[in-house]
Amino acid sequence: MCGIVAAAAGSNIVSVLIEGLKKLEYRGYDSAGLALLAAGGIERVRAVGRVAELQTAASGCSAHTGIAHTRWATHGAPAEHNAHPHVSGSIAVVHNGIIENYESLRTELSAQGYVFTSETDTESIAHLIDATLKGEPDLFAAVRSVCRRLVGAYAIAVIDHQQPGRIVVAREGSPLLLGLGEDGNYAASDASALLQVTRNMVYLENGDIAELTASQVRIERLDGTPVERPVHVSELSAAAVELGEFRHYMQKEIFEQPEALANTLEIIGGAHSIQAGIFGAQAAQLLADVDHILILACGTSSHSGMTARYWIERIAGVACTVEIASEYRYRVSVPNPRQLVVAISQSGETADTLAALRHAKALGQNKTLAICNVPESAIVRESMLRFITRAGPEIGVASTKAFTTQLAALFLLALVVAKQRGQLSPVDEAAYLDQLRHLPVAVHKVLTLEPEIAIWARRFADKKHALFLGRGRHYPIALEGALKLKEISYIHAEAYPAGELKHGPLALVDTDMPVISVAPNDELLEKLKSNLQEVRARGGELYVFADADSELTASDGVHVLRLPEHYGLLSPILHVIPLQLLSYHAALVKGTDVDKPRNLAKSVTVE
Ligand code: G6P
């Protein structure tokens with residue numbers, strides 16, 4: 001959600017800004033813009049729509065210092081006058097986040113004669129910096145005093161044509177990192193934007209303010225104390241964020257799942273036993289007297305949590321609750337200092353999940369674990385224990401490989417907690433670890449079903465609605481399948497535990513309602529078969545994902561696809577793959593923007 005790129009270098013930086021914005025497109029945006037320090041003052045170019053349009057509008061521009069932005073509309077519609085950068089006097093600013101006190105700032109600045117030309121909260125920052133520069137002409141000092149007045153979340157980058165060659169950046173709540181290059185210095189919302197120029201990254205902390213020139217970087221705290229932040233050499237390769245032979249990032253990421261799982265599970269190696277230490281050095285001690293697990297997450301990550309609940313209660317015998325982070329943070333709940341609070345997030349910067357984690361800690365619940373794909377993210381830094389999924393960069397807005405790697409991590413958690421409580425026999429332990437190690441191969445086999453799934457997708461891509469059914473640990477997989485379909489194909493989809501059919505959704509079933517059923521060969525299959533009969537009796541067309549050894553057979557109006565292997569407790573990890581492929585191919589038929597679906601963002605960094 002919103003992306004920032006800033007560059008101060010010895011040569012023309014316009015193409016660096018544009019390429020950087022393209023790498024941030026996945027975060028979600030609806031307009032883009034840049035501001036350059038040109039000979040005659042600030043040159044600003046803004047465009048609604050794609051970065052490609054900004055690129056065309058900015059062709060021919062040249063500068064050594066500049067800032068750029070992709071905007072995901074919050075305050076004010078997606079329109080050119082609301083696009084960043086915002087300019088006031090000699091300065092231009094880009095901003096990611098939400099300024100909560102912008103209305104009072106707007107009133108104050110209007111009274112001073114500033115005329116607002118946008119509906120954004122960001123424009124108040126621009127005018128406030130300009131007003132402050134009148135008494136404090138140094139840009140760094142002026143931005144610092146403005147930051148002290150901002151309430152809310154921000155990452156900002158500011159340039160001033162009276163002070164050429166300088167960029168001042170600051171962060172509180174929203175992500176921002178610096179890139180140290182040979183020919184210049186850079187800042188961006190995430191590392192992928194800067195791999196084109198450097199691998200040397202410095203992650204800013206909340207409350208940091210920094211100045212970049214082509215040859216220098218200095219960082220201070222908002223109170224003026226100088227700080228040194230470590231330089232991380234990014235392990236991301238530029239190729240990891242390239243599309244390669246694939247048509248879409250989502251397709252690439254679906255097919256990367258065997259490798260993503262293998263990388264995530266590398267931590268267990270060839271061992272026959274599992275150690276608590278894979279969740280952090282303090283894990284054994286911290287997990288020792290855990291009596292409950294509370295999982296906090298949003299979107300797809302909440303579905304991995306819901307699946308894990310079945311594993312944790314069954315394998316470890318510990319009660320587990322899963323809460324949508326945006327609900328938990330505002331609900332009056334009963335704190336339990338012995339419970340383990342698990343925050344699951346691909347990005348590690350989802351505003352609601354981070355706030356829910358902080359809320360849980362504020363209630364005295366300090367046993368915290370982050371399951372996350374981004375090691376330097378806020379959620380990881382603010383948790384005591386951590387498990388970093390090694391899915392690699394996930395660019396497609398609809399999460400796929402992050403989900404399956406989260407599931408692998410959560411299964412490991414169930415095993416560790418079970419072992420700590422003496423609930424895991426050495427035989428079971430070794431068997432589960434073997435199954436995990438075989439997962440990449442099993443997932444690879446499921447991916448070979450793609451051609452048949454594509455045929456199914458064509459059959460129902462013209463439908464307006466779809467119903468997904470699952471039972472037990474596959475109910476969250478049905479939820480995830482429905483979420484995928486609505487996210488990228490815009491077909492309205494709902495998921496139900498199949499036993500709930502007669503309590504409402506059966507009323508919707510007719511010949512126009514495809515019903516997709518996750519039907520593995522587990523203890524609930526016979527029950528599920530009866531539920532499917534109920535659908536068929538009402539004319540509903542069934543698309544059933546079964547296991548190799550199941551007795552389900554195709555008949556008129558009942559289509560059956562068999563997964564190559566029956567995978568026991570870990571079966572949700574396999575059964576979600578065909579649902580990902582189904583929605584991907586339905587979206588292809590419908591011609592939607594698969595990787596950047598309308599109105600959605602990859603990292604939801606605002607409430
Ligand atoms: C957004 C994304 C989803 C994601 C959710 C939670 O809505 O579009 O794909 O599941 O945020 O994100 P997180 O990074 O916390 O897993």
Side-chain angles (χ1 to χ4, degrees), residues 1-3 24-30 72 74 173-175 189-190 192 248-250 253-254 260 264 295-308 322-329 341-358 369-383 386-389 391-410 476-477 479-490 576 579-580 583-584 587 592-607:
M1 214 172 227
C2 298
L24 298 181
E25 282 189 301
Y26 76 94
R27 297 172 68 86
Y29 73 106
D30 32 50
W72 193 86
T74 55
S174 302
S189 304
D190 86 41
S192 60
H248 296 98
Y249 281 103
M250 183 182 181
E253 288 156 9
I254 290 172
T264 300
I295 295 180
L296 304 169
C298 301
T300 288
S301 296
S302 75
H303 295 154
S304 69
M306 288 173 74
T307 313
V322 185
E323 286 217 38
I324 297 291
S326 55
E327 287 295 308
Y328 177 75
R329 62 183 287 195
V341 178
V342 183
I344 309 174
S345 174
Q346 186 284 126
S347 61
E349 59 177 78
T350 299
D352 281 321
T353 310
L354 181 58
L357 173 67
R358 289 178 179 159
L369 163 66
I371 292 185
C372 189
N373 199 33
V374 182
E376 296 301 328
S377 62
I379 287 175
V380 171
R381 280 189 277 124
E382 297 190 23
S383 301
R386 65 197 53 192
F387 187 100
I388 306 300
T389 50
E394 194 181 63
I395 309 290
V397 165
S399 184
T400 52
K401 61 177 179 170
F403 179 70
T404 42
T405 53
Q406 285 168 356
L407 287 175
L410 287 158
I477 298 306
L479 282 169
E480 178 59 9
L483 177 62
K484 287 283 89 74
L485 191 69
K486 62 188 142 198
E487 276 179 319
I488 61 165
S489 75
Y490 314 146
V576 74
L579 303 187
Q580 296 169 344
S583 49
Y584 174 68
T592 56
D593 192 347
V594 172
D595 286 329
K596 296 183 277 291
R598 68 186 182 203
N599 308 338
L600 299 181
K602 180 72 182 160
S603 306
V604 182
T605 50
V606 298
E607 226 186 311

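All residue numbers in this chain count up from 1 along the given sequence. In each ligand, atom 1 is the first atom listed, and ligand 1 is the first ligand listed. Please read all numbers here as calculations on a predicted model, not as lab measurements.
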Could you list each N/O atom of ligand 1 together with any protein N/O atom closer than 3.5 Å, one pair per line with the distance?
residue  : atom   : partner : partner atom : Å
ligand 1 : 8 (O)  : Ala601  : O            : 2.9
ligand 1 : 9 (O)  : Val397  : O            : 3.0
ligand 1 : 10 (O) : Thr300  : N            : 3.0
ligand 1 : 12 (O) : Thr350  : OG1          : 3.3
ligand 1 : 14 (O) : Ser345  : OG           : 3.3
ligand 1 : 14 (O) : Gln346  : N            : 3.4
ligand 1 : 14 (O) : Ser347  : N            : 2.8
ligand 1 : 14 (O) : Ser347  : OG           : 2.6
ligand 1 : 14 (O) : Thr350  : OG1          : 3.3
ligand 1 : 15 (O) : Ser345  : OG           : 2.6
ligand 1 : 15 (O) : Thr350  : OG1          : 2.5
ligand 1 : 16 (O) : Ser301  : OG           : 2.6
ligand 1 : 16 (O) : Gln346  : N            : 2.7

Closest contact, heavy atoms only, Ile379 versus Ser345: CD1-CB, 3.8 Å
N/O donor-acceptor pair under 3.5 Å between Asp352 side chain and Ala325 backbone: no
CA sep, side-chain torsions, deciding dist, call: Tyr584, Gln580, side-chain hydrogen bond (donor to acceptor under 3.5 Å, both in side chains): CA-CA 6 Å; Tyr584 174 68; Gln580 296 169 344; over 6 Å; no
Where Gly392 and Asn373 come nearest, the two heavy atoms and their spacing: O-ND2, 3.0 Å
Heavy-atom closest contact (Ala378 atom, Leu354 atom, distance): CB-CD2, 3.8 Å
Lys401/Glu394 salt bridge by N-O under 4.0 Å criterion: no
